[in-house]
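One structure below.
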2 protein chains.
Amino acid sequence: MAETRAVSNPLALAVLSYLTQRPMHPYELSRTLRNNGDDRSIKFNHGTLYMVVKQLGKAGLIREQQTSREGQRPERTVYALTDSGRQELHDWLRELIEQPQHEYPTFVAALSLLAALPPDAVIPLLRRRSQRLGEEIAQTERLIQTTLAAGVPELFLIEEQFRVTLLHAETSFVEDLIGRIADPETDWATAWAQHHSQQNSEITATEPAADLR
Amino acid sequence: MAETRAVSNPLALAVLSYLTQRPMHPYELSRTLRNNGDDRSIKFNHGTLYMVVKQLGKAGLIREQQTSREGQRPERTVYALTDSGRQELHDWLRELIEQPQHEYPTFVAALSLLAALPPDAVIPLLRRRSQRLGEEIAQTERLIQTTLAAGVPELFLIEEQFRVTLLHAETSFVEDLIGRIADPETDWATAWAQHHSQQNSEITATEPAADLR
DNA sequence: GGGGTCATGTAATAGGTTACATGATTCT
DNA sequence: AGAATCATGTAACCTATTACATGACCCC
């Protein structure tokens, strides 16, 4: 059944969600998104928003409600949610919550190719990462505090709390990884170092770089 | 300076990395990628690979080395890494390791719009998520075990270990969140429930759906 | 009263995914 | 010998990002 959604860009989800509150025109959506800081959680981009709005219109999930003109400003088209749009919003949100998606964070990609660098080059890089993760944690926590202090209910900060959780987990992992690499007992790390120290002695054609995996 | 990389698709990183071992033709890259399970960490797609190879060629990071024909199979073009390609590989990898990237996982997007569903609909969804996260953890751990048992050094499984770490952190978060929502002491959760229970009494135009944030 | 930046949108370009194509090998 | 699958690549289509445009308001 659920072929694939008519509009798959997560920005569309945000648009549907905002339109449950009241009809809006694209620029207002844009401002609201940014004001609410949702652009930290959903990739946002001026041009993309207009594209998504057009796609949603074509899919019948929103509908052009009126075009108004205020002063000499360009005409603005106001969009409203349709019934099937509301339906889609709920269905989509449910899916995203109940089903973990397989994703491709860049650090995972980097880790999968880690062997391409020598271990003693990797350690300082990991140290800097750990430090920067710490900065991001601090910054996110400050954001949470000041937003709460401004009277916003915690409900609207759950994403940021989640982010902090992930950042902590990543930090522990990185720290632990540094330890494992540096530990002279870790045999794969020593083999890794040796492999790189032989990078110039390519006369050893005995080991034909067979797939290591 | 570092304008932006000539080729930004992470699949290109994998290509550069594999070509450090020996020159290959695209299809061989494709097979190797899949055999090594790197397609779990880097989004892979047949058509994209050819695109990326072309881009890398144009950017001078790899170079066409020969075209050979074996039997009646179509001609295959073998590519080799250039010096600047090796340079780019190292530079790029370093950057990815030392600098955390801001990313947009879909669960973060969903959490940021959580308020659009009523809390008693969210709880069972989170329960199912938690359960599925458990399954993913188990599956990834089995993968790690069998791969290690096949003689692959742990160095090539660090990404999967990292994934498990993240999955555990996410599970704790989700469990905790369920608790917070269900807890009658949590005031924002009760306010949230009330907001949704009034969804039909839209006569109350006194609260003009002001930005909650 | 001229220089930013706000408000609003369109168009050009680049990037990525899916579909198509076709000979070779292998299986039954 | 016909069906399925492997091997290899190209082309068409969709998506997303960047660049372009243009009048209004605001500041000094």
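Below, chain A is the first sequence line, B the second, and so on; all start at residue 1. Here the structure is a predicted model, which is why all the values come from computation and not from measurement.
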Taking 4.0 angstrom as the limit, do [X] and [Y] come out as a salt bridge?
{"X": "A:E135", "Y": "A:R132", "value": "no"}
{"X": "A:E170", "Y": "A:R129", "value": "yes"}
{"X": "B:R40", "Y": "B:E159", "value": "no"}

Please determine, for the side chain of A:N9, which listed nucleotide (C:dT8, D:dA16, D:dT8) has the closest atom? D:dA16
Report the distance from atom CG of A:N35 to atom P of C:dC6, rounded to the nearest whole Å.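 The distance from CG of A:N35 to P of C:dC6 comes to 12 Å, rounded to the nearest Å.
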What's the CZ-P distance between B:R5 and C:dG15, to the nearest Å?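 So the two atoms are 15 Å apart, to the nearest Å.
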Geometric class of the A:Y50/A:H46 ring pair [parallel <30°, tilted 30-60°, perpendicular >60°]: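 The rings of A:H46 and A:Y50 stand perpendicular, inter-plane angle above 60°.
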Going by the rule side-chain hydrogen bond (donor to acceptor under 3.5 Å, both in side chains), which residues pair with A:E95 if we only count those two or more places apart in sequence or in a different chain? A:R5
Five pairs at each end of the helix from C:dG1-D:dC28 to C:dT28-D:dA1: take the axis at both ends and give me the angle between them to 10°.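 Axis angle across the helix from C:dG1-D:dC28 to C:dT28-D:dA1, nearest 10°: 20°.
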Do any pairs count as a salt bridge (Lys or Arg N to Asp or Glu O under 4.0 Å) and have a residue in residues 44-63 of chain A, sequence neighbours left out, and if so which ones? none
Of all pairs that satisfy salt bridge (Lys or Arg N to Asp or Glu O under 4.0 Å), the ones with a partner from residues 25-37 of chain B, not counting sequence neighbours: B:R22-B:E28, B:R34-B:D39
Partners passing side chain to side chain contact (heavy atoms under 4.5 Å, CB included) against A:T48 (at least two apart in sequence or in another chain):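 So A:T48 forms a side chain to side chain contact (heavy atoms under 4.5 Å, CB included) with A:N9, A:L11, A:N45, A:M51, A:V52.
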What parts of residues 39-52 of chain A reach DNA chain D, counting only heavy atoms under 4.0 Å away? A:K43, A:N45, A:G47, A:T48, A:M51
